[in-house]
Structures are given as structure tokens and as C-alpha cells.
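Worksheet: one structure, shown below.
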Amino acid sequence: MLKVPCNMLNDQIRAITQCGFMGRGSILTCRHQRNAVVFGSGFGSLNKGPIMAVVSNRIVASGTGSGSGTLADRLTEDGLSYKERFVVRCYEVGINKTATIETVANLLQEVGCNHAQSLGFSKDGFATTPTMRKLHLIWVIARMHIEIYKYPAWNDVVEIETWFQGEGRIGTRRDWILKDYATDQVIGRATSKWVMMNQDTRRLQKVSDDVRDDYLVYCPREPRLAIPEENSNSLRRIPKLEDPAENFKRGLVPRRADLDMNQHVNNVTNIGWVLESLPQEVIDSHELQAITLDYRRECHHNDIVDSLTSVDAKAVSKIQGTNYGSTAATENKEDLRQFLHLLRVSGDGLEINRGCTEWRKKHAR
């Protein structure tokens with residue numbers, strides 16, 4: 001392993017500073033904190049430049065004051081929601097030169113997990129409370145609904161706020177709001193529903209009072225919804241797509257890299273599989289405006305998956321106003337395309353996901 005002396009590293013930092021990349025005339029010091037590299041200000045009156053904290057190569061804090069860059073520092077003032085900022089990297093954009101829907105879904109998942117860890121929940125990725133760990137319980141996703149009004153491009157900074165709250169006796173919900181950090185414009189919203197599963201038996205289980213007592217203290221006192229449910233497509237019942245489907249992609253095989261810490265295929269992989277059977281002409285002429293997925297069973301490493309897609313003939317032609325006046329709305333209804341989707345296990349036909357998507361005409365770039 002190559003080892004760089006500390007004095008050499010400091011010399012390199014000063015050289016960059018003198019070239020103007022971090023603000024002229026600043027003296028920077030470098031200090032290590034957990035897995036973070038934090039560039040802090042120098043000495044007293046020499047503190048002139050902005051401070052940028054980089055954790056896992058992601059920008060998470062900036063400003064003119066100091067900060068530790070820890071997860072807990074990103075809780076909002078009332079402690080009931082959590083914010084984090086990300087730079088879109090070159091390998092996270094697709095053919096449209098903007099972030100892919102898988103990138104967006106991964107960021108939502110990352111912020112949700114970081115929020116749970118900032119509250120002191122388990123560090124193993126399951127976001128489990130002390131009571132849940134005693135009972136071998138984990139959270140699994142039941143439904144995900146994402147609306148994107150404007151896709152961020154490479155090097156854009158996205159700020160994501162998230163919070164969670166109880167959802168009756170069956171589980172919890174987590175919501176997100178995505179903003180363009182440069183303009184403060186809302187560029188997307190998402191909501192999800194989660195249920196509890198016994199990690200040993202893989203069976204669903206109701207949320208007990210003991211478990212609820214663990215997490216309700218961190219929930220908003222009044223219901224707060226990123227996407228108000230009135231007239232919202234996020235609550236739409238998704239019918240099962242029957243054969244023969246208009247489009248299909250058979251024989252999809254999970255890679256080892258697709259498995260998550262719960263020992264099943266990660267839910268973001270399912271999103272990619274759903275889109276695999278979409279007609280190419282739709283991909284070429286439209287961009288995804290909204291996606292809703294119902295997760296009906298786990299997918300394991302030895303499953304072989306079929307992806308089916310058909311036009312949603314019964315869909316309402318008018319998109320109801322869940323986009324809050326965003327320009328991402330389909331002003332021309334004839335430009336809107338809507339589809340039903342099904343992921344199933346090849347052979348026995350067991351359902352993995354039902355889904356529906358809405359696509360808007362691409363704007364000239």
C-alpha cells in the first residue's frame with residue numbers, strides 16, 4: 001500500500017489552495033474522523049474560505065462555520081427529519097446525461113439508512129430498534145412511489161430530506177423531498193411503506209407496542225406527507241398484469257452484487273428489472289415521471305426472473321396534481337405514456353413485484 005507522508009499531503013493541499021481551487025489565501029488543515037476526510041479552516045482570522053466536508057466522496061456539509069460532519073449533525077433542528085446533500089457523479093447518469101431512476105432510488109435508500117443510524121438505531125443496515133433486535137425483526141419494503149419533476153445532471157448537488165412515521169398497526173412509512181441545492185427547487189418527492197418481518201422465519205409480523213415505543217419519539221407529532229394522499233397516484237391499486245404481455249424480458253438472473261444486507265435482491269435492482277421490458281422507442285422518446293412498485297415477495301440469488309410490460313389501457317389520461325406545479329407535469333396529455341409491469345419467478349410464476357409507470361415526452365436539450 002502506498003503511504004503518503006502527512007507533510008507531503010499538507011504541501012499538496014496548500015498547492016491546490018494557491019491555485020485557487022479552494023479559495024485564495026486560506027491555510028487548510030487535514031484531519032481524519034471515522035471514515036470522513038474533513039477539510040477545515042485554518043487559524044483564527046485566516047478563516048476565509050468555505051468549509052467542505054466529504055464523507056464517502058459525497059458532499060454532506062458546507063458553509064462558513066465548523067462542523068463535525070457526523071450523521072447526527074444532519075438532523076433538522078427539531079430532530080424529526082434528516083437532510084443530506086449529494087453530488088451526482090459521472091457513473092450515476094444515463095443516456096439522457098442525467099441521474100438514472102436507480103441512482104435516485106439508491107440515494108433515497110442511503111439517506112433513509114443514515115437517518116436511522118443518526119438516531120442510534122442498529123449499525124448493521126437493518127435500521128432496527130433495540131426491541132426489534134431482541135426479537136430478530138427487520139423492516140422490509142412493501143411499496144415505493146417516486147415522482148421526479150426534474151432529473152439532476154452530472155455534478156448537480158441534490159439535497160434530500162427524509163422522515164418516518166407510524167402507519168397503523170402494520171408498519172411505518174418513510175417520505176422524502178428532493179431539492180436542487182443551487183436553486184432550492186423541489187425536483188422530486190417519494191413515499192414508501194414498510195412492514196416488519198421475522199428474520200428467522202421470513203414471515204411478516206404486526207408492529208407491537210414495544211417496538212412502536214422505540215421509534216415514535218422520533219416521528220413528527222402530526223402526519224406529514226411528502227405527497228398528500230388526496231387524488232394521489234401513490235395509493236393506486238395496481239392490477240396484476242396477465243399473459244400474454246405486450247413486451248417481456250425473460251431469464252433475468254440476480255448477480256451476487258445485487259444482494260443486500262437482508263440476504264435478498266435489493267429493491268433498487270427490481271426497479272431496473274421492471275424497466276428492462278419497456279419498449280425501446282419509449283426509452284428513446286420519453287423519460288420516467290413516476291413509478292410505483294408493490295413488493296410481494298423476496299427475490300433470492302438463485303431465482304430466475306421474468307419482466308413483463310403492457311400499456312395501461314385503464315389508466316386515467318389526466319395526471320392528477322401531485323407535482324405541485326412543477327414543469328415536469330405533462331402539459332400535453334397526448335405525450336403521456338402509462339404502463340403496467342410485473343416481475344415474476346420464471347417457471348412457477350410467483351409474483352415478485354407489481355408496478356405502474358408514467359412517462360413524459362423528453363424536452364429538447
Side-chain angles (χ1 to χ4, degrees), residues 13 16-17 19-23 35-39 49-63 69 74 82-114 144 146-162 176-190 226 255 257-258 266-276 278 280-291 323-324 326-330 357-365:
I13 293 172
I16 293 173
T17 303
C19 290
F21 289 105
M22 293 184 179
N35 295 323
V37 178
V38 181
F39 291 97
I51 297 173
M52 183 176 293
V54 183
V55 177
S56 301
N57 296 323
R58 294 299 216 186
I59 292 181
V60 297
S62 62
R74 294 167 224 159
Y82 175 94
K83 291 182 180 180
E84 193 165 353
R85 297 195 288 271
F86 301 90
V87 176
V88 177
R89 298 182 285 201
C90 63
Y91 56 83
E92 295 173 321
V93 303
I95 59 175
N96 297 329
K97 301 180 181 178
T98 56
T100 64
I101 187 63
E102 291 95 333
T103 293
V104 172
N106 274 318
L107 292 181
L108 298 181
Q109 185 168 260
E110 174 75 3
V111 174
C113 288
N114 287 346
M144 171 67 82
I146 305 173
E147 298 180 4
I148 301 296
Y149 316 138
K150 177 187 176 185
Y151 281 90
W154 177 25
N155 271 337
D156 283 355
V157 179
V158 180
E159 181 178 78
I160 305 177
E161 180 183 10
T162 186
W176 298 265
I177 294 177
L178 299 84
K179 290 185 177 182
D180 182 327
Y181 182 64
T183 65
D184 206 38
Q185 176 189 9
V186 174
I187 60 174
R189 299 175 188 264
R255 304 171 305 160
D258 294 326
N266 187 276
N267 65 81
V268 178
T269 299
N270 294 38
I271 294 177
W273 283 346
V274 161
L275 303 184
E276 276 297 304
L278 204 75
Q280 185 61 43
E281 57 94 7
V282 176
I283 299 293
D284 293 340
S285 61
H286 288 66
E287 65 180 3
L288 185 64
Q289 172 172 290
I291 182 170
N323 62 335
Y324 301 88
S326 168
T327 56
T330 50
T357 57
E358 300 166 358
W359 299 75
R360 60 175 173 257
K361 195 80 171 177
K362 289 180 181 178
H363 295 295
R365 298 186 184 278

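One-based numbering along the sequence shown. All values reported here derive from a predicted model rather than from experimental measurement.
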Supply the atom-to-atom distance [X] [atom1] to [Y] [atom2], rounded to the nearest 0.5 angstrom.
X      : Y      : atom1 : atom2 : value
Ile95  : Asp284 : CD1   : CG    : 6.0 Å
Leu178 : Glu161 : CG    : CD    : 10.5 Å
Ile146 : Ile101 : CD1   : CD1   : 4.5 Å
Ile187 : Asp156 : CD1   : CG    : 7.5 Å
Glu110 : Thr162 : CD    : OG1   : 12.0 Å
Asn96  : Lys362 : CG    : NZ    : 3.5 Å

Strictly by modelled atom types, are Asn114 and Glu84 linked by a side-chain donor-acceptor pair under 3.5 Å? yes
Shortest non-hydrogen contact between [X] and [Y], atoms and distance:
X      : Y      : result
Tyr149 : Arg360 : O-NH2, 3.4 Å
Trp176 : Ile160 : CD1-CG2, 3.8 Å
Val111 : Tyr82  : CG1-CD2, 3.8 Å
Ile283 : Trp359 : CD1-CH2, 3.9 Å
Ala105 : Ile271 : CB-CD1, 3.7 Å
Lys97  : Val93  : C-CB, 4.0 Å

Under the criterion side chain to side chain donor-acceptor pair (under 3.5 Å), I'd like the reasoning laid out for Glu92 against Asn106: C-alpha separation, chi angles, the key distance, then a yes or no. CA-CA 10 Å; Glu92 295 173 321; Asn106 274 318; over 6 Å; no
Sole residue of Val158, Asn155, Val157 in side chain to side chain contact (heavy atoms under 4.5 Å, CB included) with Val88: Val158
Asp184: partners by salt bridge (charged side-chain N to carboxylate O under 4.0 Å, His left out), with sequence neighbours left out: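 Partners of Asp184 under the salt bridge (charged side-chain N to carboxylate O under 4.0 Å, His left out) test: Lys179.
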By salt bridge (charged side-chain N to carboxylate O under 4.0 Å, His left out), which residues pair with Asp258, not counting sequence neighbours?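 Arg255.
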May I have the step-by-step check of side-chain contact (heavy atoms from CB on, under 4.5 Å) for Thr357 and Leu288, ending in yes or no? CA-CA 7 Å; Thr357 57; Leu288 185 64; 3.7 Å; yes
